[in-house]
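Down below is the structure, laid out as structure tokens.
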Amino acid sequence: MARYIFITGGVVSSLGKGLASAALGALLQARGYSVRLRKLDPYLNVDPGTMSPFEHGEVFVTDDGAETDLDLGHYERFTGVAARQTDSISSGRVYTTVLEKERRGDYLGKTIQVIPHVTNEIKDFIEIGDDEVDFMLCEIGGTVGDIEGLPFFESIRQFSQDKPRGQCIFMHLTLLPYLGASGELKTKPTQHSVKELRSIGIAPDILVCRSEKKIPEKERAKLALFCNVRPDSVIPAYDLSTIYDAPLAYHEAGMDQAVLDAFGISPAPQPDLSTWQDVSERIHKPDGEVKVAIVGKYTQLEDAYKSISEALTHGGMFNRVKVKTEWIDAEVFENGDAADKLTGFDAILVPGGFGERGTEGKIKAAQFARENKVPYLGICLGMQMAVIEAARNLAKIKNAGSEEFDHEAGEKRFEPVVYHLKEWVEGNRTVARAVDDDKGGTMRLGAYNATLTDGSKVAEVYGDTAISERHRHRYEVDIKYRKQLEDCGLIFSGMSPDGKLPEIVECKDHPWYIGVQYHPELKSKPFAPHPLFREFVKAALEQSRLV
Ligand code: GLN
């Protein structure tokens with residue numbers, strides 16, 4: 001039976017609950033425990049798959065094909081534990097399930113209510129896989145007091161009562177604002193937030209206090225007294241220069257010890273922090289720098305490409321260089337020369353995306369990288385752009401394009417070298433889709449195998465010819481252009497095992513030009529960089545030495 005740690009937030013949002021949860025997971029692992037992390041989100045979307053990256057940041061995809069919150073990315077990057085469909089739930093999903101059950105008649109004519117029907121559904125979810133790990137860490141999205149959050153708070157309160165004493169603890173993250181005028185850190189918002197939590201029956205065992213200034217002992221004692229927690233369970237959380245310092249910083253601050261104390265685990269196993277010491281050392285002591293241009297659409301909000309920027313950092317850590325990224329809106333050189341903006345970068349990355357806007361700029365970026373022999377990594381849409389570029393400029397298919405853009409525009413303008421994928425094989429079943437299907441959860445999602453050509457660049461990068469990577473796309477490069485494109489130097493070096501779907505393309509006469517239909521960034525870890533990012537940064541480093 002797992003022990004449960006519920007992580008809640010108060011005062012303001014964006015305090016880094018996800019990061020604190022992930023770091024705690026890593027610290028418990030360092031003490032020899034197994035962990036699983038879960039996110040319970042109060043919003044009404046069924047999943048974040050249909051939410052704009054501008055609003056909600058990146059959609060993280062699991063091996064089993066769930067479209068989840070980007071916090072699950074943090075969880076994986078810190079613990080290395082692959083998240084599953086059952087590690088992410090929203091109010092929308094809970095209500096959908098409850099209402100489906102109601103329609104089926106599962107409740108035998110009962111009146112359906114938040115308590116117990118919705119709360120039971122949430123409690124059942126929390127407990128999935130209870131016997132698999134030592135600790136289950138459940139983060140509740142939003143802040144205490146939010147209307148949508150109430151069923152979740154009520155559920156975790158009930159859950160802790162259903163379980164034997166000592167099986168569940170509550171950790172609450174708050175902010176201590178600093179008032180410059182009086183030169184003081186204020187504890188009152190935290191006191192109020194804890195009061196709010198206690199009014200719904202939850203007494204936190206541990207307080208994690210974000211603060212930009214050092215928290216004096218006096219304030220810590222005051223927080224302990226007024227919020228009814230032990231003084232050594234008031235954990236300061238200061239701003240960090242890199243998120244990868246979080247496990248060491250939280251350990252220093254006593255978080256993992258406080259958690260084990262709260263469960264009464266004594267003596268606590270000693271932690272082995274060597275992985276995080278190495279990670280921290282690599283990130284703080286780079287030997288040089290490379291400049292990477294990321295040409296995309298959602299460039300205003302860095303969270304929209306969270307996993308990509310993290311994966312680049314990991315690649316940099318491996319090569320012991322700092323990766324300086326510049327986010328360039330693809331639209332800016334749509335009507336001008338890409339060279340003006342792209343000269344001087346050591347590598348170019350075109351990430352995934354949806355819709356036509358900005359794609360002509362991305363095609364120019366791919367062309368610039370190919371012609372000037374600048375390392376290029378195209379991810380998902382970025383691979384499709386590379387194929388369209390080669391089709392237009394090398395194979396002379398002048399109107400090559402993607403069916404995605406024609407569908408959006410409602411007219412046929414392009415020769416579809418990238419077409420709408422209507423049928424594919426998933427395990428031993430065939431999945432079918434129509435153009436006007438629901439948008440939510442209907443893409444080719446999750447882990448699929450690919451077979452790489454022996455002797456190709458990617459096979460060298462992976463050191464293998466059989467791989468599995470995570471997908472999230474609706475459109476696909478059309479295999480019928482393979483010969484034509486390969487004759488001009490764009491090689492299809494990775495295919496789905498049935499040989500029908502192109503997974504990877506690479507340029508023959510180029511030092512490093514690779515496009516992948518999947519999302520390698522989702523599997524990169526600071527302690528195990530993804531091979532493509534490791535080698536892409538290495539290629540950038542070599543490029544930087546040329547100039
Ligand atoms: N829009 C493209 C598709 O659906 C690419 C998706 C992506 O980049 N994730 O195929």
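In listed order, ligands and their atoms are each counted from 1. Treat the numbers as computed from the prediction; the structure is a model and nothing was measured.
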### Query
Strictly under 4.0 Å, does any heavy atom of E476 approach an atom of ligand 1?
no
### Task
With sequence neighbours excluded, give me every side chain to side chain donor-acceptor pair (under 3.5 Å) pair touching residues 525-541.
E469-H530
#### Entry: Shortest protein contact, atom 9 (N) of ligand 1 (heavy atom only)
R472 O, 2.9 Å
### Task
Using a strict 4.0 Å cut-off to heavy atoms of H519, name the atoms of ligand 1 that fall inside it.
9 (N)
### Message
Evaluate L381 for polar contact with ligand 1, using N/O atom pairs at a separation under 3.5 Å.
### Response
yes
### Summary
Quick note on ligand 1: atoms under 4.0 Å from a heavy atom of G352 include exactly 8 (O)
### Query
Can K364 and D337 be said to form a salt bridge (Lys or Arg N to Asp or Glu O under 4.0 Å), step by step?
CA-CA 8 Å; K364 278 194 181 166; D337 191 357; over 6 Å; no
### Message
Under 4.0 Å, heavy-atom basis, I'd like to know which part of E404 is in contact with ligand 1: side chain, backbone, both or neither.
### Response
side chain
### Task
Give a yes/no verdict on whether any heavy atom in Q384 is under 4.0 Å from an atom of ligand 1.
yes
### Message
I need the nearest protein heavy-atom contact for atom 10 (O) of ligand 1: residue, atom name and distance, please.
### Response
Y475 N, 2.8 Å
### Task
Salt-bridge test for K306 and E76: reply yes if a basic N is under 4.0 Å from a carboxylate O, no otherwise.
no
### Query
Between D87 and K39, is the closest basic N to carboxylate O distance under 4.0 Å?
no
### Message
Tell me the protein heavy atom at minimum distance from atom 7 (C) of ligand 1, and give that distance in Å.
### Response
C380 SG, 3.0 Å
### Query
Can you find a heavy atom in the side chain of F78 that is under 4.5 Å from one in the side chain of I243?
yes
### Query
Does G355, backbone or side chain, put an N or O under 3.5 Å from an N or O of ligand 1?
no
### Query
For atom 4 (O) of ligand 1, which protein heavy atom lies nearest, and how many Å away is it?
R474 N, 2.9 Å
### Query
So which heavy atom in the protein is nearest atom 5 (C) of ligand 1, and how far is it from that ligand atom?
G353 O, 3.3 Å
## Note on the structure
So ring-ring contact (aromatic ring centres under 6.0 Å, His included) across residues 355-376, not counting sequence neighbours, yields Y376-Y513
### Message
For D406, is there an ion pair with R413 - N to carboxylate O distance below 4.0 angstrom?
### Response
yes
### Query
Once the angle between the rings of F405 and F414 is folded into 0 to 90°, is it parallel (under 30°), tilted (30 to 60°) or perpendicular (over 60°)?
perpendicular
